[in-house]
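Have a look at the structure below, then the notes.
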There are 2 protein chains.
Amino acid sequence: MSRELIDRFNQHVSQLRNLRQTAQRDLIARTFFENTGHMSVEELHQKVRQKDPKIGFATVYRAMRLIADAGLAIPRSFGDGLTRYEAAGAKRHHDHLICKGCGRITEFVNDPIEELQTQVATKHGYKILDHKLELYGFCPDCQETQ
Amino acid sequence: MSRELIDRFNQHVSQLRNLRQTAQRDLIARTFFENTGHMSVEELHQKVRQKDPKIGFATVYRAMRLIADAGLAIPRSFGDGLTRYEAAGAKRHHDHLICKGCGRITEFVNDPIEELQTQVATKHGYKILDHKLELYGFCPDCQETQ
DNA sequence: ATACCTGCAAATGTTTTGCAATGAT
DNA sequence: ATCATTGCAAAACATTTGCAGGTAT
């Protein structure tokens, strides 16, 4: 599964004449897709550095923008000031439950909600490109300690 | 309507022994509640400066945090890097349609969606505190020019 | 040789904080 | 007098950009 996305990224890069496939980009993409999503750039940078300590964060930022431009990752910002990227493309659309206690992020899919969203947009004459639904609260584990 | 929120804010401030009501806070709260929501701190700062040019942005940031702590404003971040505040309290919960063309923000309320969200959270064992639903697309006006 | 990439450092943009001066109680 | 508040500047924070050196074509 992660292999497919890495291949798609490499394919995307090689199709553009002014882009090159490099060891750094490959490593970053590989690390990103091999880990389950919602990684901040800093987290990804640290993971990447375990394999190649010389890679700077600017390179990670640039690579993630490339991957996002290729449509293979989606930038998201949950409450904290960080941008987190989420793998896209293979997985279908989903929304998020975010725990305010431990920060755990759970994904869910709910078709009736999607359907109602489309209805709302149509009613207001909007043409929807994208949407974002986030539920904030306490997960089962954190409810005990609260 | 905005009067009620200003009063509630003043009441909140006066109840805490270590907080004082000041002309700056009053002006900032007044300006914020008198304008329709979704203002960034910088926008608010500019509006406030029209009435009192000496007010610095740190004061506006601090005042908005106070107002938010009082539960009378909610910080939101739509795609751009800015935090926007939205008046809360008097108005009931609502969600947002955001135009990617002109940036216009339309509010809407949809009870069935709220209901489904609660169901999803319950199914995952989460206790929901808050949620955020944003639909991004083109508003009627911007569809013509696209 | 050309042109893209990298890594570093510096710049950017937003938000926070330290501090001396001010103002209220 | 005390103590919160202000405004300014500096700091902190995530992210972007400029640039010299390196590397692939």
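Because the structure is predicted, anything quoted here is derived from the model rather than measured.
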*Can you figure out which of C/dT6, D/dT15, C/dT17 approaches the side chain of A/Thr59 most closely?*
C/dT6

_If I take atom CZ in residue A/Phe78 and atom P in nucleotide D/dA14, what distance separates them, rounded to the nearest angstrom?_
17 Å

*Once you round it to whole Å, what is the distance between C1' of D/dA14 and CG of A/Asp80?*
11 Å

*Between A/Phe32 and A/Tyr85, how do the two ring planes meet: parallel, tilted or perpendicular, split at 30° and 60°?*
perpendicular

_Nucleotide nearest A/Glu42 (side chain, heavy atoms from C-beta), chosen from D/dA14, C/dT17, D/dT5_ = D/dA14

*Round to a whole Å and report the spacing from CD1 of B/Ile28 to C1' of D/dT6.*
10 Å

*Nearest-angstrom distance from the residue atom CG of A/Leu82 to C1' of C/dG13*: 16 Å

*Hey, is the side chain of A/Thr83 poking within less than 4.0 Å of OP1 or OP2 on D/dA14, counting only N and O atoms?*
no

*Does the distance from a Lys or Arg side-chain N to an Asp or Glu carboxylate O, for A/Asp95 and A/Lys132, drop under 4.0 Å?*
no

_Does either side chain, that of B/His45 or that of B/Arg49, offer a donor lying less than 3.5 Å from an acceptor on the other one?_
yes

_Separation of C/dC8 P from A/Lys54 NZ (nearest whole Å)_ = 10 Å

*Do the charged groups of B/Lys47 and B/Glu43 touch, with an N to O distance under 4.0 Å?*
no

*Sugar-phosphate only, base, or nothing, as touched by A/Ser40 at under 4.0 Å among non-hydrogen atoms*: nothing

_Please give me the minimum heavy-atom distance between B/Cys99 and B/Cys139, naming the atom from each residue._
SG-N, 3.3 Å

*Is A/Arg25 near enough to C/dT6 that one of its side-chain N or O atoms lies under 4.0 angstrom from OP1 or OP2?*
yes

Review item, nucleotides 19-25 of chain D N/O atoms under 3.5 Å of protein N/O:
none

*Quick one: do B/Leu19 and B/Tyr61 end up in the same hydrophobic cluster if we chain Ile, Leu, Val, Met, Phe, Trp and Tyr together by side-chain heavy atoms under 4.5 Å apart?*
yes

*Apply the side-chain hydrogen bond (donor to acceptor under 3.5 Å, both in side chains) test between B/His38 and each candidate in B/His96, B/Arg76, B/Arg84, B/Arg104; give the one that qualifies.*
B/His96

_Expressed as a whole number of angstroms, how long is the span from A/Leu66:CG to D/dT17:P?_
13 Å

*Taking for each residue the nucleotide of DNA chain D bearing the nearest heavy atom, is the 5' side occupied by B/Ala23 or by B/Phe57?*
B/Ala23

*Could you state the atom-to-atom distance from CG of A/Leu27 to P of C/dC5 in whole Å?*
16 Å

*Starting at the 5' end of DNA chain C and moving along, which residue's nearest nucleotide shows up first, B/Gln21 or B/Tyr61?*
B/Tyr61

*asked:* Measure CZ/B/Arg49 against C1'/D/dC8 and give the value in whole Å, please.
replied: 11 Å

*For A/Arg84, which contact category applies under a 4.0 Å heavy-atom criterion: base, sugar-phosphate, or nothing?*
nothing

